[in-house]
Structure formats: structure tokens, C-alpha cells
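Encoded as C-alpha cells, the structure appears first; notes follow it.
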Amino acid sequence: MEYQFRAIEKKWQTIWQEKKAYQVSNESSKPKCYVLDMFPYPSGAGLHVGHPLGYIASDIYSRFKRLKGFNVLHPMGYDAFGLPAEQYAIENGVHPAICTHDNINNFRKQLDNIGFCYDWDREVRTCDATYYKWTQWIFLQLFNSYFDRAQQKATPIQNLVSAFEKEGNINHPCPVAEVKTFPAETWKSYTEKQQQDILMHYRLAFCGIGEVNWCAALGTVLANDEVINGLSERGGHPVEKKKLRQWYLRITEYADRLLSGLETIQFSDAMKEMQSNWIGKSEGAEINFAVKEANEVLRVYTTRPDTMFGVDFMVVAPEHVIIEKIVPSSHQAEVAKYIAYVKSRSERERIAEKKITGCFTGAYVINPFNGVEIPVWISEYVLAGYGTGAIMAVPCGDDRDFKFAKHFNIPITNIIGDAFNGLEANPTKEAILSNSDFLNGVVQKAAIAIVNDKIEALGLGNRKINYRMRDAAFSRQRYWGEPFPIKWDNGIAYPMDEKELPLLLPKVDHYGPGPDGEGPLANIPSWKEAQLETNTMPGFAGSSWYFLRYMDAHNENEFCSRKVSDYWGQVDLYIGGTEHAVGHLLYSRMWTKALYDLGHIGFDEPYKKLLNQGMIQGSSRFVYRKRGSSIFVSAGLIKDYEVDQLHVDVNKVDGVELDTEAFKKWKPDYANAEFILEDGKYICGVEVEKMSKSKFNTVNPDDLVNKYGADTFRMYEMFLGPVEQSKPWDTKGIEGVHRFLKKFWRLFFDEIKGKIWVDEAASLEELKVLHKTIKKIEEDTDRHSFNTAVSSFMICVNELYDLGCHKKSVLSDLLVLMAPYAPHFCEELWQVLGNEGLAIDAAFPIFDAKYVVETAKDYPVSINGKMRTNIAIDLSCTEQEVSDIVLANAVVQKWMEGKPVKKLIFVKGKMINVVI
RNA sequence: GCGGAUGUGGCGAAAUUGGCAGACGCACUAGACUUAGGAUCUAGCGCCGCGAGGCGUGUGGGUUCGACCCCCUCCAUCCGCACCA
């Protein structure tokens, strides 16, 4: 009986479905385990072999925990709102819901092929009204809350209103500078509009005018993490800064908690580093400098107050409001010219070419510590949006300041003695200060606090913590997203009542943008009349909380009942790519913290442990066409010709050898192709690139599942190497794994004799092999070392094969061990052996150390650290006995050449080293 | 520029705590069985050398009885951030 994987896989997938084998209950006496995949955006391209890598890993881990007696939640769903479906709608007039639906069906079919143990009853789709009702509901929670800085947590906005009525905002300074302190009486005297405008500056989800990343080609704004080098992440269109009315999430208020929370969760160092860099906390001070001969103050932000005596000039951002107040008439023309130049430069140009540019304003400020007059410059290297938009420049200690000073011939003051060589800035904090009045002789590090104390005492400024992270732009001028549950009236945003949710996404006639930079919803007269918000939420809205909905997917009264979220708690293992490091993962962490603060859930970090699967790259193949002909030259011969390199479909190539007949049929252009061969073969060029359709290097998992079966495919993906590592895909090796399964199968069936497994007691040797494997698989699976686990299965089967072991008891245990990896295969043979129940529900075999104890060890023996021979010695031997045996050994004596033993190192159970 | 990661046979990799480097698999070579082999089985397979043996984990150094592993130097590749004061 042969291993007929197609029939077996189909059979068991049907049975598991009929038995609802993967349905998970929220009530169980078992310990819980929550294993989550980052849910996919259902693109039209479908899955390639890179996508399932993480899904297979999480599937194996889920099944493993299940065998170990856990109640395992392992759900899947779709991040279904988003740009591509909408772009497709604009171009083809098809409603995004329709193509999203089709894509989901296609994804589902592909996923089902691989035999995952998802509980599909819990599936979520972010674009379903039953789901986005709760996304809107959470938005309202954020809208109706502010961040109480004293308690460091989200708090109902109503509490703030009560405080304002009682005491004004004296104890609740506004996160935004333009709202000054006001007493209770003033608050009460405000109109509703004035009050609401003030509250808007406190809300966690708020609407405001701000500089946003505007992408004209997409007709929408983008969040900072959706912009890469001045281009949109999706589509690569130019992005410019624009002032617009937008919704935001006040994520900056959570900066500190997002930072400190990293210490409580298991993310890789790389991932934590990326997040903390993105948050970009820096501790410094804001210091006021009086402007000479003007009633103005220039406030700068610095992390290096210790360098106060090394300030040679000030630099303000071109957008800084002080410029028009301080520039004397003598310099106005020049300044205007420079500002015009800066405005002419696009964001992209600024990023691409970093030139040293600037302009003197003609104004001076006074150093409050020594009365020195300091010239004020304007330069584009100072950003308006960070700190105060103005800096004090210390060329001897800061590289940019140094280059600027050199470029414009500004004299440099040295305050760090020999630490500054005049040729480049030295950013050290360890140097001893000189030329620094009361700081002379003080180490810079220590001087920081001294200066901070002094400026605070003199009222010149104060300590200040700044973050690089900005509040997240939360509205998009798009159709295919969640509508905001907000009604406008007289410029006041009124939240809709919970009972009115969901606010359904209406039908539109066309998906193009609305007037005045508004979204498509602005084209609907009834929507406009109702004064509903015309923006929609961004893609990360739905993905910020989906892990909670899986827990209680059908709850019509709550986003997730507290009882259920208390049971499942944090995601124990979250598997996905690194591309979400600063987007999804940060937003999701913030939403979780806000929901926690408001008492809706009982934990404030969503993901206990994150495992990043590596990217599977494509291994592209190339053909070389002789220019202006249809003659193709084999890779080894191209130096003799003038050729163009063209991608060729990797599926038309076996290794590096082109299937020339298949190639001719591939595209009409190539039908008459002729080939210049080497050794009778056409050899293709090879390069590792990102896997993508345009490079013809994608491999479809369906094809491999069809050819080798899901179990082979699953094990091969794991066998490729550590999950975290990126690696190019190579289909060739899959044969080896397939051969392994066939070999395993032959432990049960013989081609001629048929059934060969027997119901006999296992020998000690067989039990040793089994228990060695139990231990290894348990440890490897637990630490996500799936590649070495697959190797261990191979070793085990090889050894059982050599022992001629066909014993039911041994094979049954082995099948349970391997069921997480090759579920269909193991389930079939489990049944063949006549075992009760399902293999996927069996108990994980228990390792018994007594089967693997050794009485003797074949010790490696080294002479002076060089391995020379092996000697088998009984483990019970004393060190003296070991020494006697080793020194009497002929090989050892030969290498000792009669020299005396200086030392003999004996590590019991490990090795022996003779030092001479 | 800053930060993170990685570097081991022809290839993917293993070595979990400092203790036999290259497990397991691919590819390749030889042989067996066979009408046949893209099935299966047996053997070989880091490099140099006929051999004894020598050399080998990106480079150079260090610690150690002993280093792929720990420390320092440099090099290469990949990823993230990037004028953040």
C-alpha cells in the first residue's frame, strides 16, 4: 500500500471538519494558550510560498500545546479594508466588497489546502459591519477620553469637564501649547464651541489642523509609518507636507508607557530597538535667549545644556514664527530669498540631497550666562516640528553645527580643550569643560544637571523631555474604511450614541475623491446633509484590536466580554513579519493600554511574546537574449555576446536548467526562440530578489501541495532553516522531505507484504530511540526550533529503520509527536494502527529518562586540545581509573611521545584532555 | 551617520551550558536491484596530501587545558531609522 497523500489529506480534512475538531470553547478547565498569526490583507495575488511560513509555525505550536493539554485559541481572519481594493474599484467600478470577498474565498481555499487547525467559527473580517461596529465603538472610547498625566492613564473626558468647572485647568495642563491656563470662572464663561475646542486638545482621538503627509496620487493623507523616503509605502507616489483638518490619535501621551512596556514583553532586541527609536525619547531642556534690541525671546531645545558657553550661533527652522519679528530691514530681502528657496524644495529633494544651506537673519540673542551676543541663522536642517523649532549651535560638540560653522565661516569656540581637534566636532560627554566660567573643570556629564538647576532657578527655562514620535494621523480621504461615528454641527464634533452603531458605510456611485480634498463620502448628498464626517479610518484601526474580537467573535452586545478576555488574556505567541514594527504593533499596544485604562480589559500589553518569521525571498532566474534577435544565450557564454537580461518564470526552470520547450510556450514572443547551449543545456542566471509576480519568481503553495501533499509542504517549509531567518526559496530540497515521509510510511507497509507493523513489546534499544526523540521534539517545538525538530524525526525514522522496528507502541507514540507537523499523515496511520480517537487529540508522550541512560561513554580524548582518539569508558569510573585507562591507551601513548603529563582534564560524560 | 542582525562544505543548515565542527537534507560520485528509473537500497562526499598527517567556522589578535560559542580590532552582507539638536 502506497502513501497516497492526496486521498489521505482530503479524507482527514473532511473528518476534522465534520467533527468540528478545531472548535474551541471559552469555557475549559484546561490551562489556556493563545497563538495568533498576523492576519493577512487578502490581496488579489493570492498566497506565495513565503506567506504560510509563519502560519505553519503557529499551527505546529498550537497543535503541540493542544497535545500538551492546553485549551488553544488559534484563529484567523482578514484585514479587509484597504487601498488596493479601492484602487481596483476606481479603475474597474467593482465594489471593493465584491473583490475583497472573492479574494478572501481564494485565500481560504489556499489556506485550507495546507491543513491548518484554525477555528473558523471565530473568523473576523474588519470590513464586516458586525466587526467595524466595535471599531467605531472603541473610537468613541478614545474620543471620550483624555490622558490624565498625573495618573498616567486614559480617563473619561467627563472627569476633565468636572475638574474644569471646579478648578479650571490648573492641574491639567494642556498637551497642546496654545491652550493656556484658565480658572473655573473663565471655563464657565466660554461658549459651547469654545469649550469643545479646548476639550478637543485633550481627547485621545481628536480632530485638528496639522501638517500631514499628503499623497496627491492616492488622494489621501498617510501616517508617518506609511511614508518611506518621501514616497508612499503603497504605490511609491510622492508625498508632500500639507496643512489639513485631520483626525489624530494622541499616541504621544502613551510614549513613556509604550517605552517602559517593552521591558515586560518578549520581543526580539531588534524589534524593541526599532520601537524605542521610533518613540525617540530624549531628555533635555528648553532655554530662553533674549533677542538683542527687541522685546522677543528665542526658546531653544537642547539635550546638552552643559555646552552653554560653547554656543556660537543659533539656528531656527525656516517656518519659525519669530523670523518675521526679529529680522532687521537690512536683511529682509536676503531672508525672504532663502525662505522662498526652501519652499521650492520638495520633501523628497530635502531628504535626497542634504546640502548645507542657511541665511543670517541679522539679529542677535544674548547668552544669559555671559552676555555674549550670538548671531541667529535660519537653516532647513532645523525642523519646525521638533522641540521648539530652534537650536543653540555648539560647533565643537555637534557635527552638523560644526559643518555649518565651517561652511559659513562662523568662528568656533572650544570649550573642551584637547578633546576638540579643530577638524571635526566631538560629541563626547566625558570631556572636562574649559572657557566655561563657573563650569570650568567640570566633566560635561555632571555639568548638565548644574546648568539645568541654574536655568530653572533663574527662570530661564526648564527641563524637558521630547519624543520623536508624532501623534498618529487617523483619517483617510478614502471610501473603503470605517466611517467615523461623528456628526458635525456648527463646527463641533458630536459623537454618535453607542446605540446608533454601526454607522454603515454607504453605497457610492463612484469611488473617486470628493471636492476640496475630501473623501468619496463627500459625494453623497444625504451624507453631507446629515453632517456626518466624510473621512474614514485608516487600515490600522481594525487591526489594532482584532486579537480581542477572536475571543468573543459573535458577541452582539460588547466588543468582547470582560469574562472572556479575562479567560484568554494576552496572546501567548504572536507570529508575523517585522514590517509591522512601528505601525500595527505600536497602535495595537496603544489601543490595548487605553482599553485597559478604561477598565474594558484586564491587561495592558496585547502580545506576551512575538516571533518574527523571516522573509522568504525569491530566487529569480534569467535568460539572456542577444540584442535585437530571438536568440537566447546560455549564462556561461554571455560574455561573447551583447545580451539583455530578462526574468524567466522560475517554474519553467529545473534548478538552473531551462526547459526550452516550456519556455517557448510561455509567451508568444518566445515561440520562435532559438538557443545557444552549453553542454547541450541552457543554463539560467540566478539572483536572490524579493518574491513578486513581476519578477516571475513566485512559487505557488497550491502547486507544491498538489505535487507532494500538504504534510510534505509543511515539513519542508520548517526544514528550510530557523523561522526567524530570511532565506531564498529553493524548491529542490522538498524531495528529501517527501522521501522521508515515504520512508516513514514503509515502517508500516511493505510493497509486497502489505501491512508489516506488529503488536509486540518494544526492545530497550527501540525505546531509547523513541524517548530520545520525545525529549528532542518537546524541547525543539517549545523553543520554536522547528527545523531541528524535523531533522530529529528523520534521524528517528532512520534509526528505527536500521533496527527493523515495526512495533505499534513505538510507532503510535511517534505519530503523536509528529502530528503537529504532518497532521494528515499521522492521523491516517494512527487510525491504521487501530488507535482510539484522533491523533490530534492524543496525549503527548511522556519522556522517561530511564530509557536513555547510558552505562558507558565513548569519550573523545584530546592531547593538548587536539582530538586524537575515542575511548569507551564506564561512566561509573573514578577520575583515577579514567586517567589510568587513558594513559595506558596505545594511541594516547603514541601522541605523548614519552613526555610527562602536566595535567589531565576529565569532564564526566563529556571529554578528556591530556596536557603534556 | 546612528541602531540592530548575520557571516560555518558546491547548497539549505546543525552544534541548546566553552568540550568529537559539519548532525539532518539537497546536489554530486560509485555500486546493487530492475524491462525501465526522476522508485528503492548500499557506500562515498570540508580542503590539501598516495599516505602518515596537516589545515579548516569572514579577518587579525586575546582569554582558556580546550573557542563557531566569551572579549577586542577590522571586513562584508542584510534590515530599520535618518538633519530629532
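Not measured: the values here are computed from a predicted model. Order of the sequence lines sets the chain letters (A, B, ...), proteins ahead of strands, with each chain counted from 1.
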So, with a heavy-atom separation below 4.0 Å from RNA chain B, the residues of residues 775-788 of chain A are A/Lys776, A/Glu779, A/Asp780, A/Arg783, A/Asn787, A/Thr788
Syn if the chi torsion is within 90° of 0, anti otherwise; quick check, which is B/G56?
anti
Round to a whole Å and report the spacing from [atom1] of [X] to [atom2] of [N].
X	N	atom1	atom2	value
A/Gln275	B/C2	CD	P	23 Å
A/Arg299	B/A85	CZ	C1'	15 Å
A/His738	B/G38	NE2	C1'	12 Å
A/Met867	B/G54	CE	C1'	15 Å
A/Leu298	B/A85	CG	C1'	13 Å
A/Asp401	B/A85	CG	C1'	7 Å

Tell me the partner of [N], counting only Watson-Crick (N1-N3 plus N6-O4 or O6-N4) or G-U wobble (N1-O2 and O6-N3) with both under 3.5 Å; none if nothing fits.
N	result
B/U34	none
B/G18	none
B/G12	B/C24
B/C55	B/G46
B/C69	none
B/A5	B/U77

Side-chain donor-acceptor pair present, [X], [Y], cut-off under 3.5 Å:
X	Y	value
A/Asp256	A/Tyr467	yes
A/Ser282	A/Tyr386	yes
A/Thr712	A/Arg714	no
A/Asp780	A/Thr788	yes
A/Thr357	A/Tyr341	no
A/Trp729	A/Thr731	yes
A/Lys743	A/Asn798	yes
A/Asn612	A/Thr578	no

Below 4.0 Å: OP1/OP2 of [N] and any side-chain N or O of [X]:
X	N	result
A/Ser282	B/A85	yes
A/Arg746	B/C41	yes
A/Gln725	B/G12	no

Take A/Arg304 and A/Trp895, find for each the nucleotide of RNA chain B with the closest heavy atom, and name the residue whose nucleotide sits nearer the 5' end.
A/Trp895
Between A/Tyr381 and A/Lys707, just flag the one whose closest nucleotide in RNA chain B comes earlier from the 5' side.
A/Lys707
Is the number of heavy atoms from other residues, nucleotides or ligands within 6.0 Å of [atom1] ([X]) greater than 12?
X	atom1	answer
A/Lys272	NZ	yes
A/Lys775	NZ	no
A/Lys281	NZ	yes
A/Lys727	NZ	yes

Over all strands shown, is A/Leu383 touching base, sugar-phosphate only, or nothing at heavy-atom distances under 4.0 angstrom?
base
Regarding A/Glu799 and A/Lys772, does a basic nitrogen lie under 4.0 Å from an acidic carboxylate oxygen?
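Yes, charged N to carboxylate O under 4.0 Å.
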Nearest to the side chain of A/Val907 - B/A85, B/G4, B/G19?
B/G19
Which nucleotide in B/A85, B/A52, B/A39 has an atom nearest any side-chain atom of A/Lys894:
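So the side chain of A/Lys894 is nearest to B/A52.
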When you compare [N] with [M], how far apart are their [atom1] atoms, in angstrom units rounded to a whole number?
N	M	atom1	result
B/A21	B/C68	P	9 Å
B/C47	B/G61	C1'	25 Å
B/C79	B/C70	C1'	26 Å
B/A30	B/C45	P	16 Å
B/A15	B/G25	P	16 Å

Distance-only donor-acceptor hits, side chain of residues 858-867 of chain A, under 3.5 Å, sequence neighbours excluded:
residue, atom, partner, partner atom, Å
A/Asp858, OD1, A/Ala872, N, 3.4
A/Tyr859, OH, A/Gly909, N, 2.8
A/Asn864, OD1, A/Ile916, N, 3.0

Aromatic ring pairing A/Phe404/A/Trp377, orientation class (parallel under 30°, perpendicular over 60°, tilted between):
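Geometry flag for A/Trp377 against A/Phe404: perpendicular rings.
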Classify the angle between the aromatic ring planes of A/Phe825 and A/Phe744 as parallel (below 30°), tilted (30 to 60°) or perpendicular (above 60°).
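If you compare the ring of A/Phe825 with that of A/Phe744, the planes turn out tilted.
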Between A/Tyr381 and A/Asp401, is the side chain to side chain donor-acceptor pair (under 3.5 Å) condition met? List the steps.
CA-CA 10 Å; A/Tyr381 84 84; A/Asp401 298 348; 2.8 Å; yes
Check nucleotides 63-67 of chain B against the protein and report each pair of N or O atoms closer than 3.5 Å, with its distance, or say if there are none.
residue, atom, partner, partner atom, Å
B/C65, O2', A/Asn913, ND2, 3.1
B/C65, O2, A/Asn913, ND2, 2.7

Under 3.5 Å between N/O atoms: give me all the protein pairs with nucleotides 77-82 of chain B, atom names plus distance.
none

Contacts under 3.5 Å, N or O only, protein and nucleotides 24-28 of chain B:
residue, atom, partner, partner atom, Å
B/G25, OP1, A/Asn798, ND2, 3.2
B/C26, OP1, A/Arg739, NE, 3.0
B/C26, OP1, A/Arg739, NH2, 2.7
B/A27, OP2, A/Arg739, NH2, 3.3

For A/Ile251 against A/Tyr587, the heavy-atom pair lying closest together
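Smallest heavy-atom distance, with atoms named: CD1-CD2, 4.0 Å.
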Hey, what are the protein-to-nucleotides 34-36 of chain B N/O distances that come in under 3.5 Å?
none

Which value, rounded to the nearest 0.5 Å, describes the distance between A/Met818 atom CE and A/Asp711 atom CG?
7.5 Å
